[in-house]
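Atom set for the values below is all heavy atoms of this structure, side chains included, hydrogens, waters and symmetry mates excluded. Everything numeric in this text was worked out from a predicted model, so none of it was measured. Whatever order the structure lists ligands and atoms in, that order sets their numbers, starting from 1.
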Amino acid sequence: MVTAGVHGLGRAIAERLAEAGLGVVATTRQADARAAAWAAQASALFQRPIRVARWDPADPASDDEVLEVLRGEGARTRVLVNNAGPFRRARQSLADVSLETMMLLWQGNVGGGVRLTQRLLPALRASRDGRIVNLGAVGAGAAGGWTGRGAYAAAKAALASLTRTWALEEAAHGVTANMVCPSDIHRQDKEARHPGETRPSGADVAAVVAFFAGDGARFVTGQVVELAFGDRPRLLPGEITESPAAALLPAGVHVRLAGDARDYEVLQARTEGASVEYLVRPPGAEPRWVPGAAVRRVVAERGRP
Ligand SMILES: NC(=O)c1ccc[n+]([C@@H]2O[C@H](COP(=O)([O-])OP(=O)(O)OC[C@H]3O[C@@H](n4cnc5c(N)ncnc54)[C@H](OP(=O)(O)O)[C@@H]3O)[C@@H](O)[C@H]2O)c1
């Protein structure tokens with residue numbers, strides 16, 4: 001069972017688990033024709049049943065629909081991946097964030113998953129080899145602060161704590177609980193695989209989830225694992241940073257771009273809404289504008305390696 005398993009990282013996880021030989025139920029708030037078409041195609045590709053179930057973390061009644069799909073399949077859940085998790089791209093400080101937004105992020109990232117986990121625990125326990133894998137975000141395990149994203153960071157930190165409690169409480173039932181905390185994976189990379197490239201993709205996250213779901217992790221529980229992809233150059237304890245793109249780089253720093261080994265000097269930054277662009281100069285070439293998302297890491301600050 002992969003919540004929000006039809007799109008984004010959830011899809012990469014659902015496909016990876018099917019590839020590993022599991023039948024998969026992927027949930028989505030909109031179980032439409034496109035979701036069904038993906039499930040049919042992926043089932044054929046991986047030769048495993050992949051079904052779609054409507055589920056909304058904010059709607060307790062939808063838990064019954066998920067259980068109905070499972071009953072229809074005659075299937076018993078052994079692995080539950082709590083992947084659903086709304087995020088707010090626009091930054092908002094804790095001075096301004098509404099309780100409504102905080103509750104929405106809580107419900108989507110934590111509350112709904114707790115509810116569904118409770119409903120599926122009997123099956124996970126009955127399998128004697130149950131696995132709960134939760135999707136966090138970098139810094140969640142340390143309950144780090146995150147400028148402008150405090151509500152989301154708090155929800156993920158809560159989920160890290162719950163992961164550790166599930167691990168303790170369910171050990172006697174043979175159920176493990178672990179958490180995978182990725183750094184930024186951009187929209188176009190979530191459902192992709194980039195073997196041999198330095199750029200991370202959904203497949204890299206899915207591989208770690210599959211490890212926790214697999215035989216090799218039978219005795220691994222209570223772990224909160226970070227997939228930071230080298231994106232956090234000078235991290236203070238307890239502080240969450242995003243990719244350099246999100247931090248608005250000052251002029252004069254040198255950066256590397258995705259899939260390019262040259263150093264680029266940042267000349268200028270400009271923002272439009274939540275997106276950032278940089279005017280960068282590669283060695284011996286004309287400056288050009290690149291999207292902030294293309295910046296993978298800072299290699300030097302002005303006058304300092
Ligand atoms: N991508 C990253 O860089 C990144 C980094 C760190 C952590 N994560 C975590 O990894 C998980 C998957 O990330 P993702 O980037 O693939 O997800 P995403 O594109 O941001 O979407 C999250 C999914 O959650 C579901 N959802 C349920 N309630 C929602 C609500 N109220 N508002 C919006 N979406 C809602 C949606 O699926 P349906 O509409 O299909 O139900 C949606 O596809 C999340 O838990 C996320 O927090 C992602």
Side-chain angles (χ1 to χ4, degrees), residues 1-16 25-36 38-39 51-60 62-63 65-66 80-90 100-116 132-141 144 146 149 151-160 162-163 179-192 199-206 208-209 224-229 231-232 240-243 245-246 258 274 292-293 296:
M1 170 78 57
V2 183
T3 66
V6 173
H7 308 284
L9 296 184
R11 174 181 292 199
I13 293 166
E15 292 182 352
R16 181 68 184 75
V25 174
T27 76
T28 175
R29 290 171 302 165
Q30 284 200 316
D32 54 15
R34 273 179 46 217
W38 160 74
R51 304 284 178 259
V52 171
R54 193 193 78 83
W55 183 70
D56 185 337
D59 175 13
S62 65
D63 299 356
E65 294 180 42
V66 171
L80 168 61
V81 183
N82 285 311
N83 166 75
F87 175 71
R88 284 283 173 278
R89 193 140 287 285
E100 199 183 0
T101 298
M102 289 202 77
M103 293 319 290
L104 187 138
L105 290 170
W106 171 269
Q107 184 73 268
N109 283 283
V110 188
V114 170
R115 225 183 46 232
L116 191 63
I132 300 167
V133 186
N134 298 320
L135 265 289
V138 275
W146 199 350
R149 305 217 195 283
Y152 175 77
K156 291 300 194 188
L159 193 56
L162 293 169
T163 302
M179 191 184 213
V180 179
C181 297
S183 170
D184 262 8
I185 307 243
H186 298 293
R187 188 183 300 269
Q188 69 277 15
D189 297 327
K190 290 183 191 179
E191 295 169 11
R199 192 160 108 242
S201 68
D204 297 297
V205 178
V208 182
V209 173
V224 176
V225 168
E226 294 229 335
L227 305 185
F229 313 123
D231 262 358
R232 305 163 68 201
I240 298 168
T241 66
E242 294 163 77
S243 68
R296 297 317 299 176

Item to complete: Using a 4.0 Å heavy-atom threshold (strictly under), name the region of Pro57 that reaches ligand 1: side chain, backbone, both or neither.
Response: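 The answer is the side chain.
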Worksheet entry | Which segment of Lys156 sits under 4.0 Å of ligand 1 when only heavy atoms are counted |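 Contact part for Lys156 vs ligand 1: side chain (C-beta onward).
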Considering non-hydrogen atoms of the protein only, which is the closest contact for [atom], and what is the distance?
atom                    : value
atom 23 (C) of ligand 1 : Ala4 CB, 3.7 Å
atom 10 (O) of ligand 1 : Leu9 CD1, 3.6 Å
atom 47 (O) of ligand 1 : Tyr152 OH, 2.6 Å
atom 14 (P) of ligand 1 : Lys190 NZ, 3.6 Å
atom 5 (C) of ligand 1  : Ser183 O, 3.4 Å
atom 6 (C) of ligand 1  : Pro182 O, 3.1 Å

[X] to ligand 1: N or O pair under 3.5 Å?
X      : result
Arg29  : yes
His7   : no
Ile185 : yes
Thr28  : yes
Gln30  : no

Item to complete: Quick one: sort the Tyr152 and Phe87 rings into parallel, tilted or perpendicular, breaks at 30° and 60°.
Response: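 Perpendicular, since the angle between the ring planes exceeds 60°.
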Discussion item. Leu227 vs Ile185, test: side-chain contact (heavy atoms from CB on, under 4.5 Å). Steps then yes/no.
Written reply: CA-CA 10 Å; Leu227 305 185; Ile185 307 243; over 6 Å; no
Worksheet item: Which ligand 1 atoms, with their elements, are less than 4.0 angstrom from a heavy-atom of Ala84?
Response: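 In order of numbering, the contacting atoms are 24 (O), 45 (O).
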Fill in: Interfacing atoms of ligand 1 (cut-off 4.0 Å, heavy-atom, Asp184)
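Checking each atom against Asp184, I get 3 (O).
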Where the side chain of [X] meets the backbone of [Y], is there a donor-acceptor pair that is under 3.5 Å apart?
X      : Y      : value
Arg16  : Ala203 : no
Glu191 : Gly8   : yes
Thr27  : Ala4   : yes
Asn109 : Pro86  : yes
Arg88  : Arg149 : no

Discussion item. Trp55 and side-chain contact (heavy atoms from CB on, under 4.5 Å): which single residue from Leu116, Thr28, Val25 fits?
Written reply: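 Answer to the side-chain contact (heavy atoms from CB on, under 4.5 Å) test with Trp55 among Leu116, Thr28, Val25: Leu116.
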Worksheet entry | Pairwise distance CG(Asp184) to CZ(Arg296) - rounded to 0.5 angstrom |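 If I round to the nearest 0.5 Å, the distance is 7.5 Å.
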Fill in: Exceeds 12 heavy-atom contacts within 6.0 angstrom, atom CD of Gln188
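Buried by this count: over 12 neighbours within 6.0 Å.
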Discussion item. Once side-chain contact (heavy atoms from CB on, under 4.5 Å) is applied, do any residues pair with Trp106, and if so which ones, sequence neighbours excluded?
Written reply: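 Residues passing side-chain contact (heavy atoms from CB on, under 4.5 Å) with Trp106: Met103, Val110, Ala158.
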Worksheet item: Relative to atom 22 (C) of ligand 1, which among Gly136, Ala58, Gly8, Gly85 owns the nearest non-hydrogen atom?
Response: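 Among Gly136, Ala58, Gly8, Gly85, the closest heavy atom to atom 22 (C) of ligand 1 belongs to Gly85.
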Discussion item. Can you check which of Leu227, Asn83, Asp56 brings a heavy atom nearest to atom 11 (C) of ligand 1?
Written reply: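 The nearest heavy atom belongs to Asn83.
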